[in-house]
Amino acid sequence: MSITVQVEGTDESEWAVEYRWDRDTGILTASSAAPAVGDGVSGSVEITGADGSWLILDLASGSIRGVEVAVWPDVRTVRTLGPPNEVRAGRLTIPHAEPDTRVASFEVPTLLIAETDAAERTVHFRVGRAKAMQTVRIARDILIEVDGANAIAGVWLLNVPPHPDDV
C-alpha cells in the first residue's frame with residue numbers, strides 16, 4: 001500500500017522547523033511553521049513498519065506540515081549520509097475521497113527503514129520499496145521523496161538536535 005500525494009511547486013519552502021524530543025518516550029516531532037493553505041483534510045497519516053515502527057505525517061488543510069517518529073525502526077548508522085543534490089521547493093497534499101471530510105486519520109502498513117549519519121543529525125526514512133524520482137523540500141529541514149507514481153518513497157529530517165539524554 002502507498003500514500004499518493006499531489007506535488008505543487010512553490011517558492012516558499014524555507015519555513016522553519018521546530019524539533020521536539022519527548023524525553024520519556026523517545027518520540028521526535030518535526031513541525032513546520034508553514035501556514036495551512038488549501039481545502040484538504042486535517043489529521044494524520046500513520047506509516048507502520050513490519051517491525052512495529054511508526055512514522056506519522058501531520059496534515060493541515062491537506063498539506064503535509066510535519067513528521068513524528070512515534071516508534072523508531074532499527075536505525076542503521078552510515079559513515080556519510082546526505083540528502084539528494086536535486087531538491088525542489090514544494091507543497092505536498094494528500095487528496096481526500098470524501099468531499100465533506102475535513103478531519104481524517106488513516107494507517108498505511110509498508111516497509112520502513114531508517115538510517116542516520118554518525119552524528120545523528122541527518123535521518124533518512126525509506127518508505128516502501130519504490131525508488132524516489134524527485135525530492136520536495138516542504139520546510140527548511142524536512143524533505144519528502146516521491147516516486148514515479150507520486151507515492152511517498154522517503155522522508156529526510158535534517159539538522160536534528162540530539163536527544164536530551166545524549167547532551
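Keep in mind that what you see is a predicted model, and the values were worked out from it rather than measured.
A pairwise comparison of heavy atoms in Trp21 and Gly26 identifies CZ3-O, 3.4 Å as the closest pair. Closest heavy-atom contact between Ala118 and Thr77: CA-CG2, 3.8 Å. The heavy-atom pair separating Ser42 from Ser61 by the smallest distance is OG-N, 3.0 Å. Nearest heavy atom pair, residue Ser44 against residue Ile56, reads CB-CG2, 3.7 Å. Nearest heavy atom pair, residue Ala60 against residue Arg65, reads CB-NH1, 3.2 Å. The two residues Val17 and Ala30 come nearest to each other via the heavy atoms CG1-CB, 3.9 Å.
Criterion: ILVMFWY side-chain heavy atoms under 4.5 Å apart, direct or through other members. Under it, Leu55 and Ile27 are not part of a common hydrophobic cluster. When hydrophobic clusters are built by joining Ile, Leu, Val, Met, Phe, Trp and Tyr residues whose side-chain heavy atoms come closer than 4.5 Å, directly or via intermediates, Leu28 is grouped together with Val75. By the criterion of side-chain heavy atoms lying less than 4.5 angstrom apart, applied directly or through intervening Ile, Leu, Val, Met, Phe, Trp or Tyr residues, Val160 is not grouped with Ile113; the two fall into different hydrophobic clusters. Residues Leu57 and Val7 fall within the same hydrophobic cluster, defined by Ile, Leu, Val, Met, Phe, Trp and Tyr side chains chained together at heavy-atom separations under 4.5 Å. Cluster annotation: Val71 is not connected to Tyr19 through the hydrophobic network of ILVMFWY side chains, with a link wherever side-chain heavy atoms come within less than 4.5 Å.
Taking CD of Glu86 as the start and CE of Met133 as the end, the distance is 11.5 Å to the nearest 0.5 Å. A distance of 11.5 Å separates NE2 in His124 from OG1 in Thr116, rounded to the nearest 0.5 Å. Separation of atoms CD1 (Ile142) and CH2 (Trp15) is listed at 13.5 Å; rounding is to 0.5 Å. In this structure, the separation between OG1 on Thr110 and CD1 on Ile47 is 8.0 Å, given to the nearest 0.5 Å. Here the CD1 atom belonging to Ile138 is positioned 4.5 Å from the CD1 atom belonging to Ile144, to the nearest 0.5 angstrom. Rounding to the nearest 0.5 angstrom, the gap separating the CD atom in Glu8 from the OG atom in Ser63 is 6.5 Å.
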Test side-chain contact (heavy atoms from CB on, under 4.5 Å) on Val67 and Phe125; report intermediate values, then the result. CA-CA 11 Å; Val67 178; Phe125 297 95; 5.5 Å; no

Walk me through whether Asn150 and Gln134 qualify under side-chain contact (heavy atoms from CB on, under 4.5 Å). CA-CA 9 Å; Asn150 282 342; Gln134 65 177 315; 4.1 Å; yes

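Between Glu120 and His163, the side chains place no donor N or O within less than 3.5 Å of an acceptor N or O (distance only, hydrogens not considered).
Every residue meeting the salt bridge (charged side-chain N to carboxylate O under 4.0 Å, His left out) condition with Arg23, not counting sequence neighbours, appears here in chain and number order: Asp165.
The backbone N or O of Arg129 lies less than 3.5 Å from no partner atom in the side chain of Arg126, so there is not a single donor-acceptor pair. Under the 3.5 Å distance criterion, the side-chain polar atoms of Arg137 are left unmatched by any main-chain donor or acceptor of Glu14.
Tested against Ile152 for a side-chain contact (heavy atoms from CB on, under 4.5 Å), the candidates Thr4, Ile64, Val136, Asp147 yield a single pass: Ile64.
Residues Asn159 and Arg121 form a side-chain contact, since some pair of their non-hydrogen atoms from C-beta on lies under 4.5 Å apart.
Cluster note: Leu143 groups with Val78, Leu81, Val87, Trp156, Leu158 through ILVMFWY side-chain heavy atoms spaced under 4.5 Å, whether in direct contact or through intervening members.
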